[in-house]
Protein chains: 2
Amino acid sequence: MKPYFEANGIQIYHGDCFEVLHALRGIDAVITDPPYSSGGQFRGDRTMNTVTKYVQTNQQAFRAEFGGDNRDQRSYLAWVSLWMSAALHASNPNAIAALFTDWRQLPTTTDAFQAGGWVWRGIGVWDKTGAARPRLGGIKSQAEYIVWGSSGPLDADANPICIPGVLSAPIVRGTDKEHIAEKPLKVMSWLCELCRPGGLIVDPFVGSGTTLVAAKKSGRRAIGIEIMEANCEIAAKRLQQGFLDLSEVA
Amino acid sequence: MKPYFEANGIQIYHGDCFEVLHALRGIDAVITDPPYSSGGQFRGDRTMNTVTKYVQTNQQAFRAEFGGDNRDQRSYLAWVSLWMSAALHASNPNAIAALFTDWRQLPTTTDAFQAGGWVWRGIGVWDKTGAARPRLGGIKSQAEYIVWGSSGPLDADANPICIPGVLSAPIVRGTDKEHIAEKPLKVMSWLCELCRPGGLIVDPFVGSGTTLVAAKKSGRRAIGIEIMEANCEIAAKRLQQGFLDLSEVA
DNA sequence: GCCGAGAATGAATCCATCC
DNA sequence: AGGATGGATTCATTCTCGG
């Protein structure tokens, strides 16, 4: 398999994540921001008045909520657990994994994480620090979440760090933004510390490539996988710029 | 039914939450911090008493055990959905609910919330701002979570506020702390704003009574339910002190 | 009052040991 | 493919107290 891009320990493969993951070995950390598949198809139904919708017993309410409304969640569960399982097979015994998710998919993501064979060890919070749409009459949806864990026992000796559980960083805006759901470099750099220094980080959903840029800056090797060629190009460009920046500093 | 305590629109009932909830009507908000039944990876860890489970060092201050904290995930799901369902039947059409949980029980809590017939609308974050136990080799467990939603459509006109999605407040420490799992008054006051001004807040798990104190300070009526008489006493005492403080200010 | 040193603390977790 | 119990370990942050 030939990488789309390669330089200074960072590779990008253009293709499907399953195909590439099956060919990989020696992963120390899976750090990624997969498409959330969020936003309910049946939101109108879900937000109806449940008291009028379910006049009878709550048994009916239970079936409505857990029956047909969340079919897309079911396939999200299956899909995430499949590639997480593929990643586990390519991982070292003390590997770490960290997946982004939003509030709506958080329970499904923790299920998928464990269904894929990983040990779930906690939740990190990315606080967007107020730059979120206000929600009148309720709590502002101001955070995204990082489901994290390991492929086996935590080997704290290999990487004796402790990163904060709530990371505050404003969302990427305006002309800097290359991708709809782009994460701040600060947040991805923070997650890269979960990987042992010099270790191999894999991101199966490169997008605009922020994980790869962060991995490079923090002195880890990285392999990214991306299915859309346009994104491969953007990520490669950012990596090249990043190297230029680094050489200027040196 | 006779309240254990009553003053200035705040009542405490000493008893089981199911019994009292069935007798109630007209709830505008359910705001509560139930026992999480969390702690540890193994069943043995969960079934320990709460002081052994949650208190590590030889503390000077004595803090009481609290009950109902050793359900497994299945029964936790069933138990939460049952009292949430009872609360729904006692609630007004545009009622709000907000439940505390930790990372481990978050997915079960969102299931139970919906199984009880409520519409899940998001997750709030209580950021303990650093004073949490470090976790070597991983992400610090620095937050607890608030699962929130409503009994039906959100009525933003009745209460046109929007509270932040990440609430930062240090944990309660030292001699001020009356309960192992006590929440900061600042956090509970924030949540009380979800209830329409003058509305009725119900807390089925009073503990040390922080929700009730916050409700009083924010000008809402409140009914608390608590099964342990020792906690009823602590909460009543705090409420009386609160009223004294208020009168001194006035 | 301000600063620094030392002590205390935490809605844990992991593991050895015992029954 | 056991289950319960207790003890060791962890360190950033907060608290206490003396100078």
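The figures here come from the full heavy-atom set of this structure, side chains too, leaving out hydrogens, waters and symmetry mates. In the text below, chain A, chain B and the rest are named by the order of the sequence lines, each starting its count at 1.
Between the side chains of B/D111 and B/T108, no donor-acceptor pair is found at a separation under 3.5 Å. Looking only at atom types and distance, the side chain of B/R121 has a donor-acceptor partner in the side chain of B/S150 under 3.5 Å away. For the 3.5 Å distance criterion, the side chains of B/T50 and B/E65 qualify, holding a donor opposite an acceptor.
Just one of B/F205, B/W118, B/F113, B/Y76 meets the ring pair (Phe, Tyr, Trp, His ring centres under 6.0 Å) condition when paired with B/W83; it is B/F205. Screening B/E144, B/R46, B/R104, B/R71 for a side-chain hydrogen bond (donor to acceptor under 3.5 Å, both in side chains) with B/Y36, the sole residue that qualifies is B/E144.
Of the charged side-chain nitrogens involved, none lies within less than 4.0 Å of a carboxylate oxygen, so that A/R220 and A/E193 do not count as a salt-bridged pair. In summary, B/K53 and B/D69 engage in a salt bridge, as defined by a charged side-chain N under 4.0 Å from a carboxylate O.
Summarising the geometry, the separation between CG on B/D72 and C1' on D/dA4 is reported as 16 Å, rounded to the nearest angstrom. Rounded to an integer number of Å, the gap from CG of B/L106 to P of C/dA11 is 18 Å. Rounded to whole Å, the distance from CD1 on A/I123 to P on C/dA11 is 17 Å. One can place OH of B/Y54 at 7 Å from P of C/dA12, the figure rounded to the nearest angstrom. Summarising the geometry, the separation between CG on B/D176 and P on C/dT9 is reported as 14 Å, rounded to the nearest angstrom. Counting to the nearest Å, the P atom of C/dA12 and the CG atom of B/D69 are 11 Å from each other. Rounded to whole angstrom, the span from the CD1 atom of A/I161 across to the P atom of D/dT10 amounts to 16 Å. With rounding to whole Å, B/I139 atom CD1 is found 16 Å from C/dA12 atom P.
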Could you run down nucleotides 11-17 of chain D 5' to 3' and tag each one B, S or - for protein heavy-atom contact under 4.0 Å?
BSSSS--

Summarise protein proximity over nucleotides 13-19 of chain C in one line of letters, 5' to 3': B for base, S for sugar-phosphate only, - for none, counting protein heavy atoms closer than 4.0 Å.
SB-----

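Between B/K177 and C/dA11 there is a side-chain polar atom (N or O) within less than 4.0 angstrom of OP1 or OP2.
Among the heavy atoms of the strands, none lies under 4.0 Å from B/E182. Nucleic acid contact class of B/Y145 (heavy atoms, under 4.0 Å, all strands): none. Residue contacts for B/P34: at a heavy-atom cut-off of 4.0 Å it reaches a base atom on one of the strands shown.
Here B/Y36 packs flat against the base of C/dA11; its ring centre is closer than 5.5 angstrom to the base's six-membered ring, tilted by less than 30 degrees.
If you take CD on B/E19 and CE on B/M1, they are separated by 6.0 Å, rounding to the nearest 0.5 Å.
Under the 4.5 Å side-chain criterion, counting only non-hydrogen atoms from C-beta, A/D33 is not in contact with A/T211. You'll find the side chain of A/L185 reaches within 4.5 Å of the side chain of A/V213, heavy atoms only.
Side-chain atoms of A/Q142 never come within 3.5 Å of backbone atoms of A/K128 as a donor-acceptor pair (strictly under, hydrogens ignored).
Here B/W148 and B/W120 keep their ring centres 6.0 angstrom or further from each other.
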Please convert DNA chain C into dot-bracket. A pair counts if it is Watson-Crick or G-U wobble with both distances under 3.5 Å; crossing pairs go in [ ] and bases paired with another strand get |.
.|||||||||.||||||||

